[in-house]
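Worksheet: the structure to be examined is printed underneath.
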There are 2 protein chains.
Amino acid sequence: MQLFLSKFKNKIDQKGRVSIPSQFRNILFQDGSQKMFCYPSLDAEAIDAGGDSLSRDIYALMDNLDPYSDEKDFLSTALFGLSEELRIDSDGRVILSDVLIQHAKIRDEVIFVGLGQKFQIWEPNRFSNYLQEAQKKVREQRLLLSKKNKGF
Amino acid sequence: MQLFLSKFKNKIDQKGRVSIPSQFRNILFQDGSQKMFCYPSLDAEAIDAGGDSLSRDIYALMDNLDPYSDEKDFLSTALFGLSEELRIDSDGRVILSDVLIQHAKIRDEVIFVGLGQKFQIWEPNRFSNYLQEAQKKVREQRLLLSKKNKGF
DNA sequence: AAAAATACCATGTTATCCCATAAATACCCA
DNA sequence: TGGGTATTTATGGGATAACATGGTATTTTT
């Protein structure tokens, strides 16, 4: 399985179009779909995005919940109610919706960040702050992890 | 399993290309992949790099985490977001990304240092400083150890 | 009709491929 | 062992393809 790795900075033009980094695009295209599945990230000011496998994972997650629970209703509203399948045009670009743009406080540049099975889209400054925090956490965690994981 | 051993100094050309030392390249090619997996070293001004086995170790590490926790998001941002799989071209060269170059403060020459299951890429002067300190530390340690373990 | 979405085209930049060269290494055979 | 030949390797350059990005034209929506 191909993973989303690394990060890329791209511009948004006057029409609101952004190129999806080719590395990510190729992964999305692998299952034949010309869509990018995305929704406002639940715990960050960013957009979560991915391909068919991501949307399938989320469907599967929902299926495991009690059909008549509040929890399921909340989650399906938060995820499916706000998720979109953006069409990827012939040049590999998408147009982000207003809802997504406002949630992530995006202007005219974005950062695509690979997270393995999905990726996120950030406003650049906001992302560099988040990254610093994340790196701090990793350094703390690593002490624990390194006992089990050789080499890393 | 083949180990990355010894060190090699190579040049970066005007296009940003560096030859991977053939000894290392052969190990990378063993599992058929044309990629070099790498990321900014966590505790040194250097680039950590390796092949499939290194990336698999890290993927496995992430698999153990709760898929929808923000702990996982933090870790995958710092690990996946900063990792790259650089394509090795037909002449055995890669192009290091800006992020990696800036982290390791690399200019037009690098040193590849074998560390067993992975290797590091250093700016030459920075590496020789690091090496001197490391040797000093080893000598100090050895004095302590030798009291218990003669012969080392 | 106006606005938005889509297709299509153009451009500069960068990455990728292919080939050339020189040095180093491995190989071979008398 | 020596001496010469072939092979590998690092490195440079030119040609080509891919990519991000901007623009214009055409279609669709409302």
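In the text below, chain A, chain B and the rest are named by the order of the sequence lines, each starting its count at 1. Note: hydrogens, waters and symmetry copies are ignored here, and every other heavy atom, side chains too, is used.
- Here Ile20(A) contributes atom CD1 and Ile88(A) contributes atom CD1; the two are 4.0 Å apart, rounded to the nearest 0.5 Å.
- Remark: the Asp91(B) side chain and the dC19(C) base include a donor-acceptor N/O pair separated by less than 3.5 Å.
- Rounded to a whole Å, the CZ atom of Phe112(B) is 13 Å from the C1' atom of dT11(D).
- If you check every strand for non-hydrogen atoms under 4.0 Å, Ser22(B) touches sugar and phosphate atoms only.
- The phosphate of dG23(D) has neither OP1 nor OP2 within less than 4.0 Å of any side-chain N or O from Arg93(A).
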- Message: Using side-chain contact (heavy atoms from CB on, under 4.5 Å), reason through Val113(B) and Trp122(B) one step at a time and then give a plain yes or no.
- Response: CA-CA 8 Å; Val113(B) 187; Trp122(B) 287 81; 3.9 Å; yes
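- Side chain of Glu84(B) to main chain of Leu86(B): no donor-acceptor pair is present (N/O by atom type, distance under 3.5 Å, no hydrogens or angles).
- For Asn10(B), the side-chain atoms get nearest to dT11(D) when compared with the rest of dT9(D), dT6(C), dT11(D).
- Ser19(B) and Asn10(B) form no side-chain donor-acceptor contact under 3.5 Å, judged by distance and modelled atom types alone.
- Note on Arg17(B): a base of the nucleic acid sits closer than 4.0 angstrom, heavy atoms only.
- Taking the side chain of Asp13(B) as heavy atoms from C-beta on, and the options dT11(D), dG12(D), dT16(C), the nearest nucleotide is dG12(D).
- Nearest to the side-chain atoms of Lys11(A) among the listed nucleotides dT9(D), dG22(D), dT11(D) stands dG22(D).
- Checked by distance alone, Lys15(A) brings a side-chain donor or acceptor within 3.5 Å of a matching partner on the base of dT6(C).
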